[in-house]
Amino acid sequence: MRFSRLLGRSLKEAPSDAECISHSYLVRAGMIQQVSTGVYSYLPLGWRAFRKIENIIREEMDAAGGQELMMPSLQPMELWEKSGRLPSFDKTLFTLKDRKGHVMALGPTHEEIITDLVRHTVQSYRDLPQLLYQIQNKFRDEPRPRGGLLRVREFFMKDLYSFDADDAGLDESYGKMVQAYKNIYSRCGLSAVMVEADSGAIGGKASHEFMLLVESGEDEIIFCPACGYAANIEKATSIKPAGKNEAMLAVEEVATPGLRSIDEVAGFLNITTDRTLKSVFYVCDGQVVFVVIRGDFEVNETKLKNVLKCTEMHMATEAEVQQTGIVAGYASPIGLEGIKIVADDSVKLGSNFVAGANKQDTHLKNVNFLRDFKADMIVDIAKARAGDPCPRCQKPAKTERGIEVGHVFKLGTFLSEKLGAYFLDREGNYKPVIMGCYGIGLGRLLAAAIEQNHDEKGIIWPLPIAPFQVYLCPIKDDAADVARAAEKLYNNLTAIGVEVLFDDRPESPGVKFNDADLIGIPLRIVISPRTLRENAAEIKWRKEKDSQHLPLEGLAETIKSILSKALDASP
RNA sequence: CGGGGUGUAGCGCAGCGGCUAGCGCGCAUGGUUUGGGACCAUGAAGUCGGUGGUUCGAAUCCACUCACCCCGACCA
């Protein structure tokens, strides 16, 4: 490709709305352009990188036994009503009306469609297993798109759905996909970690996410360097350190004027926060729930939502709290009636806690679980903490941030039952197909790759997903011999299948070098009067500082073998 | 959905009652340059987000509205 013909130009200044690196560089390098909130066009350069990723994913899906197919974005609401997942998608679902007033949805995912498809095509255990996938755009009206390509409303996703006759089959399909995913990230030149995950709106049983670890990531993970335990913070557990276990003392009131937060109260009474009980209120499907947890822990809302089995949950507003008669800031589970109380199991770890008195400016000392208050549920709803012991091996756990670039689920049979995807097994029994689903967001993976691979000058593409492999950069190309040598090398490289971006623009060296760094093509070749004096060209990797000179003689072949060596060596 | 913010040339911004709306980058033409975002000259490019109002006069003040951004809620 000749740079002079390439659509899109680089920008010196980042768009003012770019808050993360990948967004800024993608726009500055002329790879994407925003069309609307969370809606982007890909320009040729960005699309080439995208297609590299897409091809790697397709190859791995095929290698794992997947069959590619295509399903519509336009989906009838009836299928969503049938599957019962409408409430969990709710406003996230884009809907529209056809000319007859019939409501349709723009598919946020395709489990409903594929299950319906399988219902018509799979009748016998002989038709199973099936691994079916698609690489298509999906639509979700996100409450808040952000970060350029990291969280958008229209996005490309590879989704594979597995259909098996029994649990052993599901385990096997799941295992194949986990391996395929590891292959994909590694072939893209990226290092991803697999973590245990909450299954969220998709529903189902076991679930894992694949994370690219970057500081700017919006997900937090807990991991154990000693045994390898790793989980999304939404799912993670850690061992809660026991508090002081003393003989129970009599409850007494203590005046705490104006002190509302745990830190203020603990500071005032000169005790540590693990000697206190914290009260938090949520509204779950319209019902107020009182949550009590030891003061040094935070509530993990995902866990809470799961134990309450509710579809909509939010922190109670001031007004909602007051309606229940609770005194905000001084709330207490003691003597509370008519409200569901959920206690974290940390309230059992310790004694003689300080808790609210349900009375303005007052707390209670020496509060003990069971003696002074009870709970409707006593469960683990605490956020796991770095530093606390790992649940597997008891060594201290650590925390990292990451970007979710893949998610796999064991769905089980709830969708096949709802949508009627049944088969006859060997014994003639009528059974629901057992499902799994496995998704990768392509645009997000592209952006995450940049978050993980860049410097202050620009992108540093891993070779396998770079839009071009080589940036050919003649300098002083009004000198006839430079132009001639560059043209020749460009033709030779192209002829043997090397992907070259040929910077044939009449620009100064500084402009070309800076664009080369910004766009981030892995290998840069410079031809100038200086190199021609030695009958050579300068070769430099984007990720490295130093360059070397190689003879022009047979250079195209030399470059090709350097590239294939590098591709083989990539992680 | 709550709070905050921004809409002026392709991009980044200034102008915030006074008449022909500016700057930098980019773009076009010509010339001089050429190993890390060169320089000179000339030039093209704007319904000042939209609607309505106040005023002799509105990019500027007011109201409404739309779009976009940030924080939170929420969310693969």
Side-chain angles (χ1 to χ4, degrees), chain A residues 8-20 23-24 27-28 30 33-39 85 88-93 107-111 138-148 150-153 155-159 197-204 207-211 218-219 232 234 282-283 301-302 305 311-319 403-409 437-445 457-458 473-479 482 505-518 524 526-533 538 540 547:
Chain A
R9 65 169 45 87
S10 64
L11 303 173
K12 284 184 188 167
E13 285 168 297
S16 55
D17 53 10
E19 18 112 37
C20 68
H23 185 193
S24 170
V27 173
R28 282 188 53 206
Q33 198 171 83
Q34 181 170 3
V35 174
S36 175
T37 304
V39 180
R85 296 205 300 169
S88 52
F89 275 91
D90 193 36
K91 291 205 185 82
T92 303
L93 202 65
T109 180
H110 286 74
E111 280 88 14
K138 314 221 171 187
F139 302 83
R140 295 185 192 175
D141 197 356
E142 291 289 339
R144 192 140 106 78
R146 72 187 95 182
L150 285 173
R151 176 169 232 91
V152 292
R153 298 195 295 170
F155 59 103
F156 281 87
M157 185 155 143
K158 184 287 301 172
D159 233 347
D198 181 71
S199 49
I202 301 281
S207 170
H208 290 87
E209 286 167 334
F210 291 83
M211 297 277 187
E218 51 176 2
D219 285 300
N232 190 310
E234 293 179 343
Y282 288 89
V283 176
E301 296 185 5
T302 305
K305 201 170 159 183
T311 49
E312 192 280 332
M313 187 184 92
H314 63 268
M315 218 168 203
T317 62
E318 198 101 354
I403 299 172
E404 178 193 344
V405 291
H407 201 158
V408 296
F409 303 82
C437 77
Y438 316 85
I440 293 185
L442 306 228
R444 181 183 282 185
L445 184 55
K457 290 291 228 175
C473 184
I475 285 174
K476 286 196 188 175
D477 56 0
D478 51 345
V482 171
R505 301 172 303 167
E507 291 289 349
S508 71
V511 170
K512 291 185 174 186
F513 289 156
N514 279 295
D515 276 345
D517 287 345
L518 176 61
R524 190 184 78 189
V526 175
I527 294 182
S528 70
R530 195 193 285 180
T531 68
L532 285 187
R533 246 174 272 140
E538 177 200 271
K540 181 186 167 297
S547 60

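Lettering follows sequence order; numbering is per chain, from 1.
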Practice task
Round to a whole Å and report the spacing from CG of D90(A) to P of A76(B).
Solution key: 11 Å

Practice task
Could you tell me whether the side chain of K512(A) and the main chain of P474(A) form a donor-acceptor pair under 3.5 Å?
Solution key: yes

Exercise for the section: Report yes if the ring of F155(A) lies under 5.5 Å from the six-membered base ring of A76(B) with planes under 30°, and no otherwise. Expected result: yes

Practice task
With sequence neighbours excluded, tell me which residues meet salt bridge (Lys or Arg N to Asp or Glu O under 4.0 Å) with E538(A).
Solution key: R524(A)

Exercise for the section: Just call it for Q33(A): base, sugar-phosphate, or nothing, with non-hydrogen atoms closer than 4.0 Å on any strand. Expected result: nothing

Practice task
Could you tell me which residues satisfy salt bridge (Lys or Arg N to Asp or Glu O under 4.0 Å) with K305(A), sequence neighbours excluded, listed by chain and number?
Solution key: none

Completion exercise
Here the distance between atom C1' of C75(B) and atom CD of E234(A), to the nearest Å, is 9 Å

Handout entry: Complementary nucleotide of C23(B), counting Watson-Crick and G-U pairs under 3.5 Å
Key = G12(B)

Exercise for the section: State which residues pass salt bridge (Lys or Arg N to Asp or Glu O under 4.0 Å) with R151(A); sequence neighbours excluded, sorted by chain then number. Expected result: E142(A), E218(A)

Handout entry: Sidechain-backbone polar pair: R140(A) side chain, P108(A) backbone, donor-acceptor under 3.5 Å
Key = yes

Problem - Under the side chain to side chain contact (heavy atoms under 4.5 Å, CB included) test, residues paired with L532(A) that sit two or more places apart - result: D481(A), V482(A), A485(A), I527(A), L552(A)

Practice task
Calculate the interatomic distance between D198(A) atom CG and C74(B) atom C1'; express it in whole Å.
Solution key: 15 Å

Using atom names, set out every protein N or O paired with an N or O of nucleotides 42-50 of chain B below 3.5 Å, distance rounded to 0.1 Å.
none

Problem - Short side-chain to backbone donor-acceptor contact, R153(A) and P145(A), under 3.5 Å - result: no

Completion exercise
Atom CD of E19(A) and atom C1' of C68(B) are separated, to the nearest Å, by 13 Å

Practice task
Could you pull out all residues at least two apart from F210(A) that satisfy ring-ring contact (aromatic ring centres under 6.0 Å, His included)?
Solution key: Y181(A), Y185(A)

Completion exercise
To the nearest angstrom, the CD-P distance between Q34(A) and C68(B) comes to 8 Å

Problem - Presence of T37(A) side-chain N/O under 4.0 Å of C69(B) phosphate oxygens OP1/OP2 - result: yes

Handout entry: Enclosure of Q33(A) CD (heavy-atom neighbours >12, cutoff 6.0 Å)
Key = no

Practice task
Going 5' to 3' through nucleotides 27-40 of chain B, assign each nucleotide B (protein heavy atom under 4.0 Å from a base atom), S (under 4.0 Å only from sugar-phosphate atoms) or - (no protein heavy atom that close).
Solution key: S------BBBBS--

Problem - Residues in side chain to side chain contact (heavy atoms under 4.5 Å, CB included) contact with K457(A), at least two apart in sequence or another chain - result: D455(A), N514(A), D517(A), R542(A)

Completion exercise
Result for 5'-nearest mapping on RNA chain B, choosing between R153(A) and M157(A), is R153(A)

Problem - Partner residues of F156(A) under the ring-ring contact (aromatic ring centres under 6.0 Å, His included) criterion, sequence neighbours left out - result: W47(A), F50(A)

Provide a list of protein-nucleic acid N or O atom pairs under 3.5 angstrom, restricted to nucleotides 12-15 of chain B.
from: G12(B); atom 1: O2'; to: E13(A); atom 2: OE2; distance (Å): 3.1
from: C13(B); atom 1: OP2; to: S16(A); atom 2: OG; distance (Å): 3.4

Problem - Options A73(B), C75(B), A76(B), nucleotide nearest the side-chain atoms of K305(A) - result: C75(B)

Fill in the blank from the handout: Using Watson-Crick geometry (N1-N3 plus N6-O4 or O6-N4) or G-U wobble (N1-O2, O6-N3), each under 3.5 Å, A76(B) is paired with none

Practice task
Mind calculating the distance between CZ (F89(A)) and P (C75(B)) to the nearest angstrom?
Solution key: 12 Å

Handout entry: Between A76(B) (C1') and L442(A) (CG): distance, integer Å
Key = 14 Å

Practice task
Look at the side-chain N and O atoms of R144(A) and state whether any lies under 4.0 Å from the OP1 or OP2 oxygen of C70(B).
Solution key: yes

Practice task
Could I get the full list of salt bridge (Lys or Arg N to Asp or Glu O under 4.0 Å) partners for D159(A), not counting sequence neighbours?
Solution key: K138(A)

Exercise for the section: Could you tell me which residues satisfy side chain to side chain contact (heavy atoms under 4.5 Å, CB included) with V27(A), sequence neighbours excluded, listed by chain and number? Expected result: L11(A), P15(A), H23(A), I32(A)

Practice task
Please state how far atom CD in E218(A) lies from atom C1' in C70(B), giving the value in whole angstrom units.
Solution key: 14 Å

Exercise for the section: With heavy atoms under 4.0 Å as the rule, sort E142(A) into base, sugar-phosphate or nothing. Expected result: base

Fill in the blank from the handout: By the Watson-Crick or G-U definition, both distances under 3.5 Å, G2(B) is matched with C71(B)

